[in-house]
2 protein chains.
Amino acid sequence: MTDLAQIMQQVRDEARRRGVRWTNQRQIIVEIFIASNDHVTAEELHHRVRSIDASVSAATVYRTINLLVEIGVAHKRHFSSGSASFESALTKNHHDHLVCMSCGVITEFVHEPLEIQQNEVAQAHGFQLLHHRMELYGMCRTCTARGATVPASAWHALTDR
Amino acid sequence: MTDLAQIMQQVRDEARRRGVRWTNQRQIIVEIFIASNDHVTAEELHHRVRSIDASVSAATVYRTINLLVEIGVAHKRHFSSGSASFESALTKNHHDHLVCMSCGVITEFVHEPLEIQQNEVAQAHGFQLLHHRMELYGMCRTCTARGATVPASAWHALTDR
DNA sequence: CTACGTGCAAATCGTTTGCACTACT
DNA sequence: AGTAGTGCAAACGATTTGCACGTAG
């Protein structure tokens, strides 16, 4: 549906509308970010960007990804690792995550009943629900099949955040 | 049910069993941690500990709370703020959290249907569910009643982790 | 007596920021 | 021209760690 060029246009227009200048660095960073439609850390993104223009600094990658979050083009997530992950907000709808503690693969899912239950909980507590965070951790089919085990480090990473 | 002295005994025994020495600092830190049965950051804990013995260092508080997490006496949580919160694992059962984005109050809840739905999602994806994280963010009854609004900083803190 | 625990200060990690310079608009 | 963006290196906040000394066992 929404192809790369079209999305780029959209982001660029939104940036311009906010008086944000469109630099070469931003073009590269945003292009790579949108193109890699999985969960990327700032460091990974910086690394990928460097392969196109080695002179782009980490600071600029951080500044740009933060800009994208601010204008609503990217979502920032913190799974059970030290650094934040980012995902495009334009190419996907609301979803939650399943994280494999063995291979690290992140699967997205939507489950309406869960959303409904959440609203019920909130309502029962007189809470006006505005946002939620929900992550399921475990072992994916593939890892279970090959008899993998959850490394101790994954447990620590999990209970450590 | 489980009173302070009894829990202390339990923790101390578990520590001893692991060949961990029971120092004065640890006695104070653990006592205060167990006594404050809400969500505490390491810094808050350090502050409270200091009021009893000003010489206890932050490093020792960190080392001790990590020890507690390791022996399963404490749970570490990361809500939408920079630092981790800890809660006693002995005085409470499994529960999830409702976080008020206006006043910061954290309410615990248990909702069986949610747990069931989670298992269904995991099963549908061939996932062996081992752990989950679920936090509902919004505005509590009190804040809604007094017409409070969610500060921009809370939104940023939320979307920033 | 001998590890283990402590306080301190320095190191770490991911991320942000001040600065002098560059380049959109 | 003028202001926003850049790279660099230094600053950041939360947490950890190396070290020399102290103390539980």
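Just so we're on the same page: letters track the sequence lines, and every chain starts at 1. Computed from a predicted structure; not experimentally measured.
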Whole-Å distance separating the [atom1] atom of [X] from the [atom2] atom of [N]:
{"X": "A:Ile65", "N": "D:dT6", "atom1": "CD1", "atom2": "P", "answer": "13 Å"}
{"X": "B:Lys76", "N": "D:dA14", "atom1": "NZ", "atom2": "P", "answer": "13 Å"}
{"X": "B:Asp53", "N": "D:dT23", "atom1": "CG", "atom2": "P", "answer": "12 Å"}
{"X": "B:Leu67", "N": "D:dT16", "atom1": "CG", "atom2": "P", "answer": "13 Å"}
{"X": "B:Arg18", "N": "C:dG5", "atom1": "CZ", "atom2": "P", "answer": "13 Å"}
{"X": "B:His46", "N": "D:dG13", "atom1": "NE2", "atom2": "C1'", "answer": "16 Å"}
{"X": "B:Gln27", "N": "C:dG5", "atom1": "CD", "atom2": "P", "answer": "16 Å"}
{"X": "A:Leu68", "N": "D:dG5", "atom1": "CG", "atom2": "P", "answer": "13 Å"}

Select base, sugar-phosphate, or nothing to describe what A:Thr41 touches, counting heavy atoms under 4.0 Å on all strands. nothing

With a 4.0 Å cut-off on heavy atoms, is A:Arg16 in touch with a base, just the backbone sugar-phosphate, or nothing at all? sugar-phosphate

Check whether any side-chain nitrogen or oxygen of [X] sits under 4.0 Å from OP1 or OP2 of [N], and answer yes or no.
{"X": "A:Asn24", "N": "C:dA23", "value": "no"}
{"X": "B:Gln25", "N": "D:dT23", "value": "no"}
{"X": "B:Arg26", "N": "D:dA24", "value": "no"}
{"X": "A:Asn66", "N": "C:dT16", "value": "yes"}
{"X": "B:Tyr62", "N": "D:dT15", "value": "yes"}

Do A:Glu87 and A:His95 get their side chains close enough for a donor-acceptor pair, meaning under 3.5 Å? yes

Kindly point out which of C:dC24, D:dT15, C:dC8 is positioned nearest to the side chain of A:Arg21? C:dC24

Can you get from A:Met101 to B:Met134 by hopping between Ile, Leu, Val, Met, Phe, Trp and Tyr side chains that sit under 4.5 Å apart? no

Cluster check B:Leu130, A:Phe109: I/L/V/M/F/W/Y, side chain < 4.5 angstrom: no

By nearest-nucleotide position on DNA chain D, the 5'-leaning member of B:Arg63 and B:Phe86 is B:Phe86

When the nearest nucleotide of DNA chain D is assigned to B:Thr23 and to A:Arg50 on a heavy-atom basis, which residue is associated with the more 5' position? A:Arg50

Indicate the atoms forming the closest heavy-atom contact of A:Arg133 with B:His78, along with that distance. NH2-O, 2.9 Å

Least distance between heavy atoms, B:Phe33 atom then B:Val73 atom: CE2-O, 4.4 Å

Nearest-nucleotide 5' precedence on DNA chain C, B:Val20 against A:Ala58: B:Val20

